[in-house]
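Here's the structure we're looking at; comments come further down.
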Amino acid sequence: MDTIFEQAVKGDYAIDIPKNFDINQIFDCGQCFRFNRSESCDNTYNGIAFSKKLTITQKDGKVIFHNTSKEEFEKVWHTFFDLDTNYADVIGSFSDDRVLAEASAFSSGIRILRQDSWEALCSFIISQNNNIPRIKGIIEHMSEKYGKPIESESGIDGYSFPTPKALCDAGESGLFALKTGFRAKYIYDAASKVESGEINLSEIDKMKLEDALPALEAIKGVGPKVAACTLLFGFAKHDAFPIDVWVKRILSSYYSDGASHHFSEKNAGIAQQYLFYYERCKNNIFI
DNA sequence: GGGCAGGTCTAAG
DNA sequence: CTTAGACCTGCC
């Protein structure tokens, strides 16, 4: 029932592979939790973003957006895959740093997805002190229970990520029932503050990084790392620089001066993602 | 089976 | 301002 053709067929939309585009790196580098490698088709991922189901294949010089119109590609996926950013230029700007240059070369197919800001906020709250399989499981169950079904001729393709209101209505107990553990009260606080307008995500979108970080950190359970991830992956603020255990390890082992002047620049977040992916692959952590 | 996972909160110095 | 412990749960 889940069979799809790897080649473009009627109803699909195909483009030439953009520079610096590798779906395996894009979806396995840990930035996004709702896309999964297809078990039946090579170089194919299935996922949901912005209340739409996408099956995507990268093959024979093409990227195929299955069952997708040109209009939907231009309206949703062009932006989602950040196709207007020139990653070769970004990588070029890292060439003076030996470690970063090596990590960039290794990870050159990564693009920072422009995900929905609310979904990114929730997802990275859930990610704290947690592992990827469980994070994905919680998000899927949360969507099934509190999201809306995404319908097609073949039935229900999946569920959209729940709105802030839906998670408010679920209540802390409803969220705890999803096995979110101590994060339930954090997710509830985020949902309440966004739903009430105390936190305004479109205002945060307009803010400079230095203002946006503390604005998000007003939410319980949102610290510097979750705030930076939210801004990098949910607001496309490429200067946000999340420091997790892996990046911390790189910083302490290769930048013994402690200072990380390279990482306060405008594309520090992209640098972070290259370093993160590079370090995890070197340590055989397959996401 | 037990440690650990893309952290953050809280309570103390 | 810096630093231990605790924390839900279920992978590895």
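To find a chain, count down the sequence lines: A is the first, B the second, and so on, and within it residues start at 1.
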Can I get a per-line list of side-chain donor-acceptor pairs under 3.5 Å for residues 98-108 of chain A, giving both atom names and the distance, sequence neighbours left out?
{"from": "A/E102", "atom 1": "OE2", "to": "A/Y278", "atom 2": "OH", "distance (Å)": "2.4"}
{"from": "A/S104", "atom 1": "OG", "to": "A/L100", "atom 2": "O", "distance (Å)": "2.6"}
{"from": "A/S107", "atom 1": "OG", "to": "A/A103", "atom 2": "O", "distance (Å)": "2.9"}
{"from": "A/S107", "atom 1": "OG", "to": "A/Y274", "atom 2": "O", "distance (Å)": "3.3"}

Handout entry: Stacking check A/F276 vs B/dG6 (5.5 Å / 30 deg)
Key = yes
Practice task
Dot-bracket for DNA chain B, please, read 5' to 3', with Watson-Crick or G-U wobble pairs under 3.5 Å on both distances, ( ) within the strand, [ ] crossing, | other strand, . unpaired.
Solution key: .||||.|||||||
Practice task
Using the rule that two of Ile, Leu, Val, Met, Phe, Trp, Tyr join whenever any of their side-chain heavy atoms come within less than 4.5 Å, decide whether A/Y159 and A/V76 are in one cluster.
Solution key: no
Could you go through nucleotides 9-13 of chain B and list every protein N or O atom that sits under 3.5 Å from one of its N or O atoms, giving the distance for each pair?
{"from": "B/dC9", "atom 1": "OP1", "to": "A/G221", "atom 2": "N", "distance (Å)": "3.1"}
{"from": "B/dT10", "atom 1": "OP1", "to": "A/K220", "atom 2": "NZ", "distance (Å)": "3.2"}

Problem - Neighbour count above 12 (heavy atom, 6.0 Å) for A/K282 NZ - result: yes
Could you go over nucleotides 9-12 of chain C and give all protein N or O partners under 3.5 Å, atom names and distances?
{"from": "C/dT9", "atom 1": "O4'", "to": "A/R134", "atom 2": "NH1", "distance (Å)": "3.1"}
{"from": "C/dT9", "atom 1": "O2", "to": "A/R134", "atom 2": "NE", "distance (Å)": "3.1"}
{"from": "C/dT9", "atom 1": "O2", "to": "A/R134", "atom 2": "NH2", "distance (Å)": "2.9"}

Handout entry: Check: A/D82 main-chain N/O paired with A/R111 side-chain donor or acceptor under 3.5 Å
Key = yes
Problem - Close side-chain approach of A/S117 and A/D205, heavy atoms under 4.5 Å - result: no
Problem - Residue pairs, two or more places apart or on separate chains, that pass ring pair (Phe, Tyr, Trp, His ring centres under 6.0 Å) and touch residues 215-235 of chain A - result: A/F124-A/F233
Problem - A/Y274 OH to B/dG6 C1', straight-line distance once rounded to whole Å - result: 19 Å
Practice task
Take A/E140 and A/K136 through the test salt bridge (charged side-chain N to carboxylate O under 4.0 Å, His left out) and record every step on the way to the result.
Solution key: CA-CA 6 Å; A/E140 282 318 302; A/K136 287 187 166 187; over 6 Å; no
Problem - Carboxylate-amine/guanidinium contact A/R37 A/D28, below 4.0 Å - result: yes
Handout entry: Distance-only donor-acceptor test, A/E279 side-chain atoms vs B/dG6 base atoms, 3.5 Å
Key = no
Practice task
Using the C1' atoms only, state how far B/dC4 lies from C/dG5, rounded to an integer number of Å.
Solution key: 16 Å
Exercise for the section: Can you run down the side chain to side chain donor-acceptor pair (under 3.5 Å) pairs that involve residues 209-237 of chain A, sequence neighbours left out, and say none if there aren't any? Expected result: none
Practice task
In whole angstrom, give me the gap between the C1' atoms of C/dC8 and B/dG2.
Solution key: 16 Å
